[in-house]
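Some notes on the structure that comes next.
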There are 2 protein chains.
Amino acid sequence: MEEEDLIDELMGAAEKDLTPKQAKILQAAVEIFAEKGYASTSTSEIAKRAGVAEGTIFRHYKTKKELLISIVSPIMLKFAVPFFADKFLNDVFKEENTENLDQLIKKLIYNRYYFVKKNIPLVKILLQEMAFHAELQDKFKQMFVEKVLPRFKEVVEKFKVAEQIKDYPTETIIRLTMTTIIGFLVTRFLIIPDYNWDDEQEIEYTIEFIRNGLKNT
Amino acid sequence: MEEEDLIDELMGAAEKDLTPKQAKILQAAVEIFAEKGYASTSTSEIAKRAGVAEGTIFRHYKTKKELLISIVSPIMLKFAVPFFADKFLNDVFKEENTENLDQLIKKLIYNRYYFVKKNIPLVKILLQEMAFHAELQDKFKQMFVEKVLPRFKEVVEKFKVAEQIKDYPTETIIRLTMTTIIGFLVTRFLIIPDYNWDDEQEIEYTIEFIRNGLKNT
DNA sequence: AATAAGAGTGAGTAATCACTCATTTTGTGA
DNA sequence: TCACAAAATGAGTGATTACTCACTCTTATT
């Protein structure tokens with residue numbers, strides 16, 4: 001519950017002073033983009049669902065693409081935040097504590113679990129549209145390489161030195177860990193969200209799977 | 001090398017008697033769909049790249065969507081095939097051999113590795129468009145539940161009974177295994193294809209990760 | 001109450017969309 | 001060589017697209 005809701009934040013008149021109509025536009029755009037994709041969403045449809053004239057959209061956003069970017073960009077920042085803002089994670093990084101690998105993975109999973117759970121439509125848009133918009137790819141790559149990867153490498157190497165995990169290449173360990181976590185979240189929230197999930201149990205299994213998969217023997 | 005190239009097969013005048021122009025259309029459509037997505041691809045652009053009049057497309061495919069389906073459908077079949085056609089996999093299923101878990105995973109990974117490697121554009125289209133076309137989702141779900149899942153369950157339970165792997169729920173084991181393999185392939189071929197991959201080595205690590213992650217202790 | 005500025009409007013625009021169809025071209029068997 | 005059917009054509013269709021702009025409305029300050 002530490003993270004705020006992105007949609008709220010995206011529209012909150014507190015941060016940037018959005019007019020009520022502008023907020024409605026963002027809300028409608030997020031909904032429809034997630035439903036049918038950016039390319040097959042028309043500005044007239046967004047206007048209709050937002051209860052706004054079509055011209056109002058273009059008063060606030062020069063192009064349809066600018067509207068997309070203004071929706072997707074904040075997500076990417078939020079995606080990076082926990083890696084340099086979360087208290088616990090920073091503790092693990094800073095302290096010479098190499099005992100709580102389980103705790104770290106657990107924290108990481110739950111962290112991302114709540115993030116995705118609260119922002120399913122936005123995550124959906126991010127995943128879908130990254131494939132086709134080079135600018136989004138570049139933005140994401142830059143953020144990942146600068147903010148996320150270095151921190152990740154730090155921890156992994158610490159645990160490697162402490163001989164808690166296997167001596168795989170650091171990149172490989174990161175890849176295996178991330179795909180397992182992301183794989184769970186994508187399966188849980190995007191592919192089979194209607195399955196009767198026992199989330200706590202499933203996360204427990206996933207943590208064990210990662211820990212044993214990487215455990216030094 | 002046991003699998004044929006899907007694009008070739010899709011267009012091969014051998015199987016279905018496609019006109020040369022029709023083959024060109026399919027080829028062009030696959031290229032552009034993969035590049036910019038189905039929704040932002042115009043039939044005029046397909047016709048232009050195929051060196052064909054726009055009307056020719058609609059002689060062979062009633063609608064643009066029918067063209068998409070005729071491209072995506074064969075892939076889904078091919079995706080299911082190895083689970084009931086591959087010799088080795090069937091051997092593992094039938095024999096009372098519960099020793100070669102490693103071999104099974106290895107076979108599975110390499111199998112899917114070559115499949116994706118040969119059909120990157122098609123896989124890209126499949127992943128991208130499934131999100132927005134319910135018919136494709138249904139087709140895929142049906143195929144998966146009927147052809148893939150039962151076989152998968154068989155093996156997992158066999159290995160569980162033989163106490164080779166942990167007593168997690170069968171669905172959980174399948175999920176963890178598949179997301180790890182798919183995660184590798186997506187990372188390898190779609191997200192960071194330009195990375196200097198040592199495929200054999202990386203696959204070796206991935207196999208170990210899965211085996212240790214599931215190993216009964 | 002007057003004024004100014006930004007917010008909101010919606011009819012209008014040229015471009016592009018998927019798709020049609022009357023006509024021409026091509027390949028094939030007699 | 002002819003005839004015929006299938007293949008291919010491309011100008012033409014109405015609908016829809018993202019976006020513009022001259023105008024009106026709202027709100028806050030004086």
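Reckoned from all heavy atoms, side chains included, excluding hydrogens, waters and symmetry mates. Within every chain, numbering begins at 1; the chains are lettered A, B, ... in the order of the sequence lines, protein sequences first and strands thereafter. Source: prediction; values computed, not measured.
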*Any B:Lys62 side-chain nitrogen or oxygen under 4.0 Å from OP1 or OP2 of C:dT20*: no
*Using a 4.5 Å cut-off on heavy atoms from C-beta on, say whether the side chain of B:Leu190 contacts that of B:Leu127.*
yes
*Taking OP1 and OP2 of C:dG6, is either one under 4.0 Å from a side-chain nitrogen or oxygen of A:Thr19?*
no
*Just how far, in rounded Å, is P of D:dT17 from NZ of A:Lys36?*
8 Å
*Give the rounded distance in Å between these two atoms: NZ of B:Lys48 and C1' of D:dG10.*
14 Å
*Could you state the atom-to-atom distance from NE2 of B:His60 to P of C:dC19 in whole Å?*
16 Å
*Just call it for A:Thr56: base, sugar-phosphate, or nothing, with non-hydrogen atoms closer than 4.0 Å on any strand.*
base
_Centroid separation under 6.0 Å, is that true for the rings of B:Phe79 and B:Phe144?_
no
*asked:* Which nucleotide wins on minimum distance to the side chain of B:Ser44, given the candidates D:dT17, D:dC19, C:dC17?
replied: C:dC17
*To the side chain of B:Arg59, which of C:dG8, C:dA18, C:dA22 is closest?*
C:dA22
*Find the distance A:Glu54:CD to C:dG12:P and express it as a whole number of Å.*
14 Å
*Measure the CD1-CD distance between A:Ile207 and A:Glu202 for me, rounded to the nearest 0.5 Å.*
11.5 Å
_Listed nucleotide nearest any side-chain atom of A:Lys64, set D:dA18, C:dG8, D:dT9_ = D:dA18
*Indicate whether OP1 or OP2 belonging to C:dA7 is found under 4.0 Å from a side-chain N or O atom of A:Lys21.*
no
*asked:* Whole angstroms only, please: what is the OH-C1' distance between B:Tyr61 and D:dA7?
replied: 14 Å
*Taking the side chain as every heavy atom from C-beta outward, state whether A:Lys62 and A:Phe58 have any atom pair closer than 4.5 Å.*
no
*Rounded to whole angstroms, how far apart are CD on B:Gln22 and P on D:dA6?*
15 Å
*Whole Å only: how far is the CZ atom of A:Phe58 from the C1' atom of C:dG6?*
19 Å
_Earlier contact from the 5' end, DNA chain D, for A:Gly55 and A:Ser40_ = A:Ser40
_B:Arg175 to A:Tyr195, cation-pi by 6.0 Å centre distance and 45° axis angle_ = no
*Short side-chain N/O contact from B:Ser42 to OP1 or OP2 of C:dC17, under 4.0 Å*: yes
*Under 4.0 Å between a side-chain N/O of A:Thr43 and OP1 or OP2 of D:dT17, yes or no?*
no
*asked:* Rounded to whole Å, please give me the gap between CD1 in B:Ile25 and P in D:dA7.
replied: 12 Å
